[in-house]
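Just so you know, these numbers come straight off a predicted model, no measurement behind them. Counting starts at 1 for both ligands and their atoms, in listed order.
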Amino acid sequence: MSAPIRSKRRTIADIKALKGVRPIVSLTAYTAPMAQFLDPHVDFLLVGDSLGMVLYGFETTLPVTLDLMIAHGAAVVRGSKAALVVVDMPFGSYQESREQAFRSAARIIAETGAQAVKLEGGEEMADTIRFMTERGVPVLGHVGLTPQLVNVFGGYKTQGRNQAQVAKIMADAAAVADAGAFGFVLEGTLEPVARDIAARAPVPVIGIGASPQCDGQVLVTEDMLGMFNEFQPRHVKRYAELGVEIGKAAAAYADEVKARTFPAIEHTFQPKA
Ligand code: KIV
């Protein structure tokens, strides 16, 4: 088991300084108790809009609202003390204009206490990222497979499979870094392309379905714990089968309730003698 990382909350500068030193560790968290479990082991916690699918049962991330992200972001900040916390900007909260993006991000930062926001998009979002970072909002970019474009791409398709796609991801990665993002998530991209992007990028590249040569890795926690079975993407390694364990615990409880062996005497309150 790897040793816990440290006790003081990480900063953006700490994350940037890890590029070329050691891989950056990140997992998603949506709730205070999960943040508490993960906090000693990660460099940053990502409050991903994947919570729409994982917690709320939506088919995509698109219905997730700014208020929902703020509620979960604040819970994760309360539950953690060492990791940097990054909160996803949900669909519709930043694409309209750079001013709209700044206002939404300002609400996230002010109302959650998180240190940074993440938004999806490459060249087309560069102007927005520059506007936000110049005004004090640290931004983590997200390029490659961008789930909020599910309806444009017609599904969750691995990127970098042809020359046009490779050129587009390269341009997106360069634009996001040049605009001032302190790093970017690179999702669902062919491994050699991802490796090349990480080698060229001046900022940390956090892979998911990308390459072990990225500057760090992120996974959806419920995926890697075996608690979310709607999708079984190739990039997920299951480090535990908590869904199975939860089922076993619920079955044991149900058996004991029906047999009246729970609650036992030690779980009841008796009058004082
Ligand atoms: O929403 C999310 O959890 C994400 C990660 C998959 C990178 O964006």
Exercise for the section: Applying side-chain hydrogen bond (donor to acceptor under 3.5 Å, both in side chains), name anything that partners Tyr156, two or more places apart in sequence or on another chain. Expected result: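 Listed in chain order: nothing, the list is empty.
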
Handout entry: For Asn229, all residues meeting side-chain hydrogen bond (donor to acceptor under 3.5 Å, both in side chains), sequence neighbours excluded
Key =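 Partners of Asn229 by the side-chain hydrogen bond (donor to acceptor under 3.5 Å, both in side chains) criterion, ordered by chain and then number, come out as Arg238.
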
Exercise for the section: Give, for atom CE of Met227 and atom CD1 of Ile246, the distance between the pair rounded to the nearest 0.5 Å. Expected result: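 The CD1 atom of Ile246 is 4.0 Å from CE of Met227, to the nearest 0.5 Å.
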
Practice task
Fit a plane to each ring of His267 and Phe262, take the angle between them on a 0 to 90° scale, and name the class: parallel (under 30°), tilted (30 to 60°) or perpendicular (over 60°).
Solution key: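 The rings of His267 and Phe262 sit tilted, inter-plane angle from 30° to 60°.
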
Handout entry: Qualifying residues under side chain to side chain contact (heavy atoms under 4.5 Å, CB included), relative to Asp223, sequence neighbours excluded
Key =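 For Asp223 the side chain to side chain contact (heavy atoms under 4.5 Å, CB included) partners, ignoring immediate neighbours, are Val220, Phe228, Val236.
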
Just list the N/O pairs, ligand 1 to protein, that are under 3.5 Å apart, with the distance for each.
{"from": "ligand 1", "atom 1": "1 (O)", "to": "Asp49", "atom 2": "N", "distance (Å)": "3.2"}
{"from": "ligand 1", "atom 1": "1 (O)", "to": "Asp49", "atom 2": "OD1", "distance (Å)": "3.0"}
{"from": "ligand 1", "atom 1": "1 (O)", "to": "Ser50", "atom 2": "N", "distance (Å)": "3.0"}
{"from": "ligand 1", "atom 1": "1 (O)", "to": "Ser50", "atom 2": "OG", "distance (Å)": "3.3"}
{"from": "ligand 1", "atom 1": "1 (O)", "to": "Asp88", "atom 2": "OD2", "distance (Å)": "3.1"}
{"from": "ligand 1", "atom 1": "3 (O)", "to": "Ser50", "atom 2": "OG", "distance (Å)": "2.5"}
{"from": "ligand 1", "atom 1": "8 (O)", "to": "Lys118", "atom 2": "NZ", "distance (Å)": "2.9"}

Practice task
For a side chain to side chain contact (heavy atoms under 4.5 Å, CB included) with Phe184, tell me which candidate from Asp172, Ile197, Ile206 qualifies.
Solution key: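 Per the side chain to side chain contact (heavy atoms under 4.5 Å, CB included) rule, the option paired with Phe184 is Ile197, out of Asp172, Ile197, Ile206.
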
